[in-house]
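Reading through the structure tokens given below for one structure.
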Amino acid sequence: MAHGRTPRIAVAGMAIESSIYAAHRAGYRDFDVREGPAVVERYEFLSTGTTLGDAADWVGVFYARSIPGGPVVREVYDDFKARILDGLAKAAPLDGLYLDLHGAMSVEGMDDAEGDLVDAIRDVIGAEPIISAPMDLHGNVSERLALGVDLPTAYRLAPHEDAWETRERAARNLVDWLERGGRPRRAWVRVPILLPGEKTSTRVEPARSLYAGLAEVERQPGVTDASIWIGYAWADEPRCHASVLVTGDDDDAIVGPAATLAQRLWDARDDFGFVGPTGTLAEGIAAGLAHRAAGGGAPYLVSDSGDNPGAGGTGDVTWALTELLAMSELTREDSPVVHVASIFDESAIEELFEAQPGERVSVTAGARVDHRICGPVRIEGELVSLHTGDPDAGRIAVVRIGGIRAVVTEFRKAFHDTADFRAIGLEPTDAAIVVTKIGYLEPTLHDIAQGWTLALTPGPVDQDLERLGHSRITRPMHPFDAFPEPPDLSVRLS
């Protein structure tokens, strides 16, 4: 870039976390799509009057983001990719590209969607523009992707409370390099570990210390950024594994830290455990009821982890609700209040919206998309409330069956925030137990939980990876295989 000239940087992206074990397929309805100036407006740190906003000419191109789900429908991916490429061609000439990705997007018929996207982008913008990409630490970073992006960086917290901080860091790194000139170097290491996110939360060791140490690496002379991608376990592709990547301007300065971080990660492989107390769904409910009987505060949280939409679950697996409705201790009129969220079923919502709150309803719901584990469930009880206008869920109904308040939505939605419950008149702290499709607890639920069980339920994001039957990952892989000899943790430099 010519010195003294304001750099021209395009902003684009496509982001979703995809479980190949989910029956759901991500189509147009699943994505929030922005184009042109609306893309840049998504990032407050790029606003006019901010340091980063005034440091470059930021050109919005195209951005599509979905909550996690199943693989993306191929024609949808091809369309979004074409719109990104067309927008980049029109935005030329460019000095840089801010590419907002997830890192674990799967697409029907593809093995490395983000790698394919980056290669196609390079064909349009050429080799000169610097690409910076913020990503989820649960990304599966292939060598193709790691070395196709100049400045990749990952979240350092799980739950991802630093997502926007990471996105801002990625923009700052890009601007800094464009101002200084030259190109960053990258040191990447493949680490043969594949673990579920609930075993790698930064709330507990060893992930807490591993990720906390990245800031110190970043402060070393010659280093721009350091990242650990712990990987995404519910895909079944050759790129499914952990990765370490360090960027900077000096080969010696980045190779050593990359090798050290990879070795630390490998050495800690057997220390990863679940972030919280685990059990069956029945054990979680029993623990919640015992907690209440002992005078414990409300609510007690139970994670229906196997169908967590926040990790790629389909969202309409009925196994947990079926089990709960069969528990007489929850369905009597004098049973303690239990909020259960959620299953989606458009047909069931049509029926429920024909009734009025207070009326008795009987409806079959769920398992329309994913019926492999359990069939639709019969919900018979009092219609408590009806709600419209949720951008994700569409229409929502709450049905009371004794103590249970079952939430049925029109479309997929993750109830991962206290605000999600309060928006439909369910105050979480008024419930003895809250059962929701989630893994580790997101911040607002974590803050109110007076007790918690991570229920190891079946589903597309089953915590028991052996039950899923990975067949296409590169072996050997921890914890699937023994390693009689140390793995190859050599650094790939580019």
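Any value given below was found using the heavy atoms of this structure, including those in side chains, with hydrogens, waters and symmetry copies removed. For reference, positions follow the sequence shown, starting with 1.
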Side chain [X], main chain [Y], donor-acceptor under 3.5 Å:
| X | Y | value |
| --- | --- | --- |
| T457 | G306 | yes |
| R400 | G402 | yes |
| R25 | A22 | yes |
| R412 | T314 | yes |
| T364 | P376 | no |
| Y98 | R167 | yes |
| D345 | G366 | yes |
| D304 | T436 | no |
| S132 | A170 | yes |
| H241 | N140 | no |

Any side-chain donor near an acceptor of the partner, [X] and [Y], under 3.5 Å:
| X | Y | value |
| --- | --- | --- |
| D136 | H160 | yes |
| T153 | R169 | yes |
| N308 | H416 | yes |
| Y21 | R372 | no |
| T453 | E283 | no |
| T444 | H446 | no |
| D236 | H470 | no |
| R190 | S243 | no |
| D30 | S66 | no |

Taking everything shown except [X] itself, do over 12 heavy atoms lie less than 6.0 Å from its [atom1]?
| X | atom1 | result |
| --- | --- | --- |
| R292 | CZ | no |
| E427 | CD | yes |
| E75 | CD | no |

Problem set entry | Test side-chain hydrogen bond (donor to acceptor under 3.5 Å, both in side chains) applied to R368 and S347, step by step | CA-CA 9 Å; R368 307 294 187 188; S347 297; 5.3 Å; no
For this session: Compute both the distance and the angle, then confirm whether K199 meets the cation-pi test with F272: under 6.0 Å from the six-membered ring centre, within 45 degrees of the axis.
Result: no
Exercise. Does F411 have K413 sitting over its ring (NZ/CZ under 6.0 Å from centre, angle to axis within 45°)?
Worked result: no
Taking all atoms of both residues into account, what is the closest heavy-atom pair of [X] and [Y], and its distance?
| X | Y | value |
| --- | --- | --- |
| S305 | A455 | OG-O, 2.6 Å |
| A311 | P68 | C-CB, 3.8 Å |
| P336 | L289 | CG-CD2, 3.6 Å |
| S19 | P460 | OG-O, 3.0 Å |
| E382 | G358 | OE2-CA, 3.8 Å |
| E114 | H102 | OE2-C, 4.2 Å |

How long is the gap from [atom1] on [X] to [atom2] on [Y], to the nearest 0.5 Å?
| X | Y | atom1 | atom2 | answer |
| --- | --- | --- | --- | --- |
| L352 | E359 | CG | CD | 11.0 Å |
| H24 | D307 | NE2 | CG | 11.5 Å |
| R65 | M105 | CZ | CE | 11.5 Å |
| K437 | I343 | NZ | CD1 | 7.5 Å |
| L301 | I433 | CG | CD1 | 10.0 Å |
| L445 | S303 | CG | OG | 8.5 Å |

Is the shortest side-chain N to carboxylate O distance from [X] to [Y] below 4.0 Å?
| X | Y | value |
| --- | --- | --- |
| D225 | R156 | yes |
| R83 | E35 | yes |
| D100 | R42 | yes |
| R395 | E346 | no |
| D112 | R239 | yes |

Problem set entry | Student check: side-chain heavy atoms of V39 and V61 closer than 4.5 Å | no
Problem set entry | Close side-chain approach of I121 to L99, heavy-atom, < 4.5 Å | yes
For this session: Carefully, step by step, assess S106 and E237 under the rule side-chain hydrogen bond (donor to acceptor under 3.5 Å, both in side chains).
Result: CA-CA 9 Å; S106 291; E237 300 170 355; 2.9 Å; yes
For this session: Please work out whether the ring planes of Y300 and H291 are parallel, tilted or perpendicular, with thresholds of 30° and 60°.
Result: tilted
For this session: Quick one: sort the F80 and F62 rings into parallel, tilted or perpendicular, breaks at 30° and 60°.
Result: tilted
Problem set entry | Working for ring-ring contact (aromatic ring centres under 6.0 Å, His included), residues Y155 and Y211 | CA-CA 9 Å; Y155 305 159; Y211 278 90; over 10 Å; no
Seminar exercise, completed: Between K81 and the options D116, D119, D86, the salt bridge (Lys or Arg N to Asp or Glu O under 4.0 Å) test singles out D116
Problem set entry | Candidate pair D111 and R472, rule salt bridge (Lys or Arg N to Asp or Glu O under 4.0 Å), full reasoning | CA-CA 10 Å; D111 274 346; R472 302 187 63 248; 2.8 Å; yes
Exercise. When you look at I424 and D390, which way does the side chain to side chain contact (heavy atoms under 4.5 Å, CB included) test go after all the steps?
Worked result: CA-CA 10 Å; I424 56 173; D390 188 293; over 6 Å; no
Exercise. Going through the checks in order, is the side chain to side chain contact (heavy atoms under 4.5 Å, CB included) test met by D32 and Y63?
Worked result: CA-CA 8 Å; D32 173 28; Y63 180 75; over 6 Å; no
Exercise. With ring centroids as reference points, do F483 and W266 lie under 6.0 angstrom apart?
Worked result: yes
Exercise. Out of T429, V434, V398, D430, which residue meets the side chain to side chain contact (heavy atoms under 4.5 Å, CB included) rule with F421?
Worked result: V434
For this session: Could you check F274 against Y440 for side chain to side chain contact (heavy atoms under 4.5 Å, CB included), going step by step and ending with a plain yes or no?
Result: CA-CA 9 Å; F274 284 112; Y440 53 61; over 6 Å; no
Exercise. How far apart are the C-alpha atoms of W234 and L468, what are their side-chain angles, what is the distance that settles it, and do they pass the side chain to side chain contact (heavy atoms under 4.5 Å, CB included) test?
Worked result: CA-CA 8 Å; W234 296 293; L468 294 174; 3.3 Å; yes
